[in-house]
Amino acid sequence: MRKLTVSTLVLALAAGAFFGAGTQSAQAQKKFIAIGTGGPTGVYFVVGNAICRMVHRAAAEGRKKGRKHGIRCAAPSTGGSTYNIGQIRQGELDFGIAQSDWQYHAYNGTSKFKGNAFKKLRAVFSVHPEPYHIIVGKGTGITSWADLKGKRFNIGNPGSGQRGTTEVLMAAYGTKKSDFKIATELTSTEQSKALCDGKIDAYGYTVGVPNAGVSIATDGCDAKIINLNTGVEKKLVDENAFYAFATIPKGTYKTTDADVTTFGVMATFITSADVPEDVVYEVTRAVFENLDDFRKLHPAFRNLDPKLMIKNALSAPLHRGAVKYYKEKGWM
Ligand code: GLU
C-alpha cells in the first residue's frame, strides 16, 4: 500500500512538472485555500467558516470513499468586501465574500473601481440578503438620514462594503464628511461598543439579519435601526439592479418594535479566474451537497435556494469550476 501511495505521488509530481504550472489535479493535492470574510461579529465570518467546514467534511467523507480533493481551508476575519476583492486580485486570497454592489463595480470598473476594472473576477454563488442599516444610539433623536447632520457618525473602515455604500448614499443625499461632527472609520466590531459607550451617535452597516454585532447595540444599549425609504433610496433602487428594498422584520432585535424599511444588497461568494477549476468545483460541490446543514448554521441562511443562488445578484461571470458543478446537477 505504502509503495503505491509513494509512486502515485511521484507520478502526480512528474505530471505537474511536465505540464508546467501543474495539472489541475496535481494542484488540488494538499491545496490550502483562504476565504476573505468580514469582522468577527458579522455574518461573512460565519459564511466563510461554514464553507470551510463543508469543505473539510467533504474531505473526510471523500477519504472514506476514496474520493480525495486534498483542500484545506481557512476563513480569517478581514476588513470586508472591497478588501476581499483587492486581495483576490493580488492572489493573496482564493475566495471571498463581497456585497453584490461591489462585485458589480469591481467587474465593470465603475464607482470606486473606475479605471481599475477587475476582469478576472468570477462569481460562484450568492448567499444572504444584506440590508443597509443606520443604527442610532438611544437618546440621540436621529430618525432619518437628514438628522445625522452635525452628529458623530461611523462611516466604516476603508475596505468594508458599508464604507463604500455609505459613500454612495452620502453622494446621493449631497452629504459631505464635513456635515458630520466627526466621521469615524471604526470597524464593524468596534462600532457597536463605541455606540454603547457614547463615543459615536450612529453608524452605517451593510449586514445580514440577524447578527451578533448589531444585537450588541440594540439588545445591549437600546440602539435602534431607522427607516431609509425616501425618494433618494427609491432612485438608487430604480437605477441600480444590485439594490433592492429590504425589510428588517419587527421583533428581530429587542428594539425593533416595527418593521424597518431600507435598501440593501446581497452577499456573494467570489473568486478569480486564476483559481483552478477543480478547486472551485470542489468548494462549490461541498457547499451544495451539504446545503441543508449550511442553512442551519445561521438564521440568515435559512431560505437559501440553489436555483436563486446561482443566478441572483451576480454580475461577474460564473467561474468555470462552479459552472461544471451546476451543469452536472442540471441547474444550468
Ligand atoms: N457587508 C459587510 C462588508 O462588505 C460585511 C458584513 C458581514 O461581515 O457580515 O464589509
Side-chain angles (χ1 to χ4, degrees), residues 36-48 77-87 96-106 111-113 127-137 142 145 148 151-173 175 177 180 182-195 200-218 223-228 232-233 236-237 240 242-246 248 253 260 262-268 270 300 313:
T37 64
T41 53
V43 184
Y44 286 11
F45 192 68
V46 186
V47 174
S77 153
T78 72
S81 286
T82 52
Y83 174 89
N84 296 340
I85 293 170
Q87 294 291 297
I97 304 140
Q99 291 178 201
S100 51
D101 47 350
W102 298 114
Q103 180 190 139
Y104 176 94
H105 292 307
S111 186
K112 230 187 230 308
F113 291 88
V127 204
H128 56 281
E130 295 193 273
Y132 178 83
H133 300 53
I134 297 275
I135 315 223
V136 306
I142 303 165
W145 177 272
L148 291 172
K151 297 285 200 270
R152 299 163 305 167
F153 181 54
N154 185 44
I155 58 175
N157 63 292
S160 68
Q162 54 271 11
R163 172 59 175 270
T165 308
T166 299
E167 284 168 355
V168 168
L169 204 54
M170 284 169 65
Y173 271 100
T175 306
K177 260 193 197 174
F180 304 118
I182 331 172
T184 55
E185 298 190 318
L186 303 175
T187 65
S188 60
T189 315
E190 294 163 331
Q191 63 197 0
S192 286
K193 188 171 183 317
L195 192 76
I200 55 171
D201 300 308
Y203 66 78
Y205 192 16
T206 325
V207 68
V209 177
N211 72 84
V214 170
S215 74
I216 291 170
T218 52
K224 278 199 142 192
I225 312 167
I226 63 169
N227 286 311
L228 280 176
V232 173
E233 291 82 22
L236 284 175
V237 170
N240 299 287
F242 43 77
Y243 292 136
F245 274 107
I248 300 164
Y253 299 104
V260 176
T262 180
F263 74 109
V265 293
M266 292 291 286
T268 68
I270 55 167

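- Taking 4.5 Å as the limit, every side-chain heavy atom of N84 sits out of range of all side-chain heavy atoms of W102.
- K177 is linked by a salt bridge (Lys or Arg N to Asp or Glu O under 4.0 Å) to nothing, counting only residues two or more places apart in sequence or in another chain.
- Across all their heavy atoms, E233 and F263 have their closest contact at CG-CD2, 3.8 Å.
- K193 meets the side-chain hydrogen bond (donor to acceptor under 3.5 Å, both in side chains) test with D197; sequence neighbours excluded.
- The distance from the OG1 atom of T187 to the CG atom of N157 is 6.0 Å, given to the nearest 0.5 Å.
- Contact of the I134 side chain with the L148 side chain is registered, since non-hydrogen atoms from C-beta on lie closer than 4.5 Å.
- Pairs of residues two or more places apart, or lying in two chains, never qualify as salt bridge (Lys or Arg N to Asp or Glu O under 4.0 Å) while including a residue from residues 38-47.
- Using a 4.5 Å heavy-atom threshold, the side chains of Y243 and V265 count as touching.
- Using cut-offs of 30° and 60° for the angle between ring planes, the W145 and F180 rings count as perpendicular.
- Aromatic ring pairs are classed by plane angle as parallel below 30°, tilted from 30° to 60° and perpendicular above 60°; the pair F242 and Y104 is tilted.
- Side chain of T37 to backbone of Y44: no donor-acceptor contact under 3.5 angstrom is found.
- For F45, the ring-ring contact (aromatic ring centres under 6.0 Å, His included) criterion is met by no residue, not counting sequence neighbours.
- Residues Q103 and M266 are not in side-chain contact: their nearest non-hydrogen atoms beyond the backbone lie 4.5 Å or more apart.
- Separating the CG atom in L228 from the NE2 atom in H133 is a distance of 10.5 Å, to the nearest 0.5 Å.
- The minimum heavy-atom distance between I135 and A217, with the atom names listed, is CG2-CB, 4.3 Å.
- G39 and S188 get closest at one heavy-atom pair: CA-OG, 3.6 Å.
- Sorted by first then second residue, the salt bridge (Lys or Arg N to Asp or Glu O under 4.0 Å) pairs that include residues 96-106, not counting sequence neighbours, number zero.
- Within the 4.5 Å cutoff, no side-chain heavy atoms of Y203 are placed close to those of T166.
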Y253 vs N211, test: side chain to side chain contact (heavy atoms under 4.5 Å, CB included). Steps then yes/no. CA-CA 9 Å; Y253 299 104; N211 72 84; 3.4 Å; yes
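- A search for side-chain contact (heavy atoms from CB on, under 4.5 Å) contacts involving A300 returns V43, H128, H298, not counting sequence neighbours.
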